[in-house]
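Step one of this worksheet: look at the structure below.
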Amino acid sequence: MLKIYFGSHKDEIYNTDLYYSNQYDKMWVMDDFAKRIIADIDDSEVVAPDMIKNNIFGMFDSKNLSAGVKTLLLIYNNPKLICNISNCGDNCAKYILEMAENRDITVCLHHLMDFGKNFSVKVINDRRRKVISEPLEYLALAHHYLRGNSDEGEN
Amino acid sequence: MKGKIKVSVENRFISFKLTLERNITVITGDSGTGKTKLINMVRGFAELGKSSGVTLKCDKPCVVLEDVNYWETVLENTHESVVFVEESTRFITSHKFAAMVNASDNYYVLITREPLHQLSYSIDAIKQIRKNDKKPKIENIYKNISKKDIADFPYDLVIVEDSQTGFQFYTKATENAGLQCITSNGKSGITALLKESKAKKILVIADAAALGDEIASLIYFKENTEAKVDFFLPESFEWLVLRSAIFNGNAEVQEILANPVDYIECQEFPSWEKFFTAELVRQTKGKFNLQYPQNKSRLPSGYLNESNIDKILDAMKEVN
C-alpha cells in the first residue's frame with residue numbers, strides 16, 4: 001500500500017537527487033524494473049552498471065538520470081526511506097503504485113500528483129488510516145493538508 | 001524590469017528557448033523532459049561563461065539561486081537578472097522568498113511541481129518542456145481552458161473567486177438567469193465549494209493572473225467530477241472592464257492592452273492584476289458613475305447598467 005504524507009515530514013528525504021548522488025549503487029540500474037523506467041521516462045537504455053545510453057546525449061552515468069527516475073530507484077531499493085515524490089512527474093505515478101502493490105511504501109507529497117482514475121492509497125497525516133480510492137476525496141485531502149493555514153498569494 | 005525577455009541556452013546536444021513575459025515563470029510537468037539539464041546549463045554558463053561549453057543568449061544576466069543558507073544575501077544583491085531556481089530547493093515555498101520576489105526587480109524561472117501559495121502567478125506563466133529530439137519545446141500547460149462567451153449563463157451555479165467589485169458585477173449580471181451566484185472569498189475556497197456543490201453545471205470565475213497555485217486542483221476536479229465545470233478566467237476583473245467597449249475610444253488603454261508586458265514594471269506590480277486595477281482607477285478618475293475605487297469595495301453603478309454589463313461580458317470574445 002502506498003502511504004502518502006502530504007507536506008513535510010521529519011524523516012523525509014526532500015532532495016532525493018542529492019541523496020541519490022551520495023548513496024546510489026551502480027548495480028541498481030541493472031534490475032529489470034530499473035531498465036523499464038529508464039526506457040520509459042528517460043528514453044534511455046541501460047548498457048552496463050552505471051552506463052546508460054541515450055540517442056541525444058550519448059553515454060552517461062546514473063547520476064545524470066532524471067530526478068524522477070532517481071527517486072523511483074531510491075524507493076525501489078530502500079523501501080523504508082520516506083522520499084519526496086514531488087520530484088517525480090505524473091509519468092512516474094504508475095510506477096510508484098506498482099512498487100507499492102506488494103509492500104508498504106511511505107512517501108511525502110507536496111503537490112497534487114495525478115494517479116489516474118484507479119488507485120488506492122492511504123493518506124497518513126493526522127494518523128489517518130482510511131484507504132482512498134476516490135479522486136475527489138484524494139483532492140480534498142491534498143488541498144486540506146497542502147494548503148494548511150498558508151496565506152493567499154498577494155494580489 | 002519589464003518587457004519580454006528571451007533566453008536561449010544550448011550546448012552540443014540540446015537547445016532550449018524560453019520567452020519570459022512576466023516576473024514569475026514556473027516550469028513543471030513530467031520527469032525526464034530536461035528541466036534539470038536546462039538548470040545545469042544555465043549554472044554552467046553563469047559560473048564559467050563560454051568556457052563552460054554552453055552558449056547562453058539573453059539581454060539580462062541569468063543566474064541560478066542555489067539552496068544555500070546565504071541565499072537571501074545572494075538574492076538581495078541580484079538585480080535586473082533572470083533568476084532560475086531548481087526543483088528541491090527548500091526556500092521556494094517560504095514567505096521570505098515570496099516577499100523578496102515581490103520586492104525585487106528580477107524575473108524568476110522556478111522549476112517546481114509544488115503550488116506556490118505565497119506567490120501570485122498567472123496560469124499563463126506555467127509551462128512544461130515537451131520532448132522534441134534536440135530542440136525541446138517550452139510551452140504553456142493551460143491553453144484555451146477559459147470560456148470566452150458566458151453571456152447566456154447556462155449554469156446552475158456560478159462561483160466567483162472575488163468577493164468585492166467582481167462579485168457585485170457577476171451577481172447583477174446573473175440575477176435574471178435563474179441560478180445561484182456565490183463567492184468563494186478567495187481562490188483557496190473554490191475547490192472546497194466545488195466539492196460540496198450538488199449542482200450539475202458550474203461556472204468558476206477567477207483571475208487568471210493569480211490562479212497559478214490553484215489551477216492544477218481545479219483542472220483535476222473538472223476531470224474527475226460528473227458535473228459539467230467550465231472556467232471563465234480573464235486576466236482580472238479590472239482587465240476585463242478595460243478590454244470592454246466602454247474603453248473603445250481610449251487609445252492609451254488600447255495600446256496598453258495590446259502589449260501589457262511593455263508597461264508592467266515587475267517591482268511596482270508583482271502581479272498583473274495590481275497593474276490593471278491601478279490602470280482602471282487612473283482611467284476612471286473623476287468619471288461620473290464609473291470612478292473605480294482603489295480598495296475595490298464597491299462597484300460604481302455605471303458598470304451595472306444593462307448596456308455596460310453586456311459590454312464587459314463580451315470583452316473576452318476576441319481574446320486569443
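What you see below is based on every heavy atom in this structure, not just the backbone, and it leaves out hydrogens, waters and symmetry mates. Lettering follows sequence order; numbering is per chain, from 1.
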Practice task
Check whether B:Asn11 gets within reach of chain A through its side chain, its backbone, both or neither, counting any heavy atom under 4.5 Å.
Solution key: neither

Handout entry: Toward chain B, the part of A:Ser8 with a non-hydrogen atom under 4.5 Å
Key = side chain

Handout entry: B:Asp30 backbone acceptor or donor facing A:Asn91 side chain under 3.5 Å
Key = no

Handout entry: Contacting region of A:Leu112 [heavy-atom separation from chain B under 4.5 Å]
Key = side chain

Exercise for the section: Heavy-atom distances under 4.5 Å only: say whether A:Asn55 touches chain B with side chain, backbone, both or neither. Expected result: neither

Handout entry: Residue B:Arg12 versus chain A: region with a heavy atom under 4.5 Å
Key = neither

Problem - Greatest number of heavy atom pairs closer than 4.5 Å to chain A - which of B:Lys134, B:Lys35, B:Glu87, B:Arg90 - result: B:Arg90

Handout entry: Region of B:Lys195 that comes under 4.5 Å of a non-hydrogen atom in chain A
Key = side chain

Handout entry: Proximal component of B:Thr112, with respect to chain A [non-hydrogen, under 4.5 Å]
Key = neither

Handout entry: Single hit among A:Met113, A:His110, A:His111 for side-chain contact (heavy atoms from CB on, under 4.5 Å) with B:Arg113
Key = A:His111

Exercise for the section: Take B:Ser217 and A:Leu139, measure what side-chain contact (heavy atoms from CB on, under 4.5 Å) needs, and give me the verdict at the end. Expected result: CA-CA 7 Å; B:Ser217 294; A:Leu139 169 65; 3.8 Å; yes

Practice task
Apply side-chain contact (heavy atoms from CB on, under 4.5 Å) to A:Asp17 and list each qualifying residue two or more places apart in sequence or on a separate chain.
Solution key: A:Asn15, A:Ala67, A:Lys70

Completion exercise
Given B:Thr89, B:Thr93, B:Asn40, B:Leu194, the one with more heavy-atom pairs under 4.5 angstrom with chain A than any other is B:Thr89

Completion exercise
Separation between CD (A:Glu137) and CG (B:Asn224), nearest 0.5 Å, reads 13.0 Å

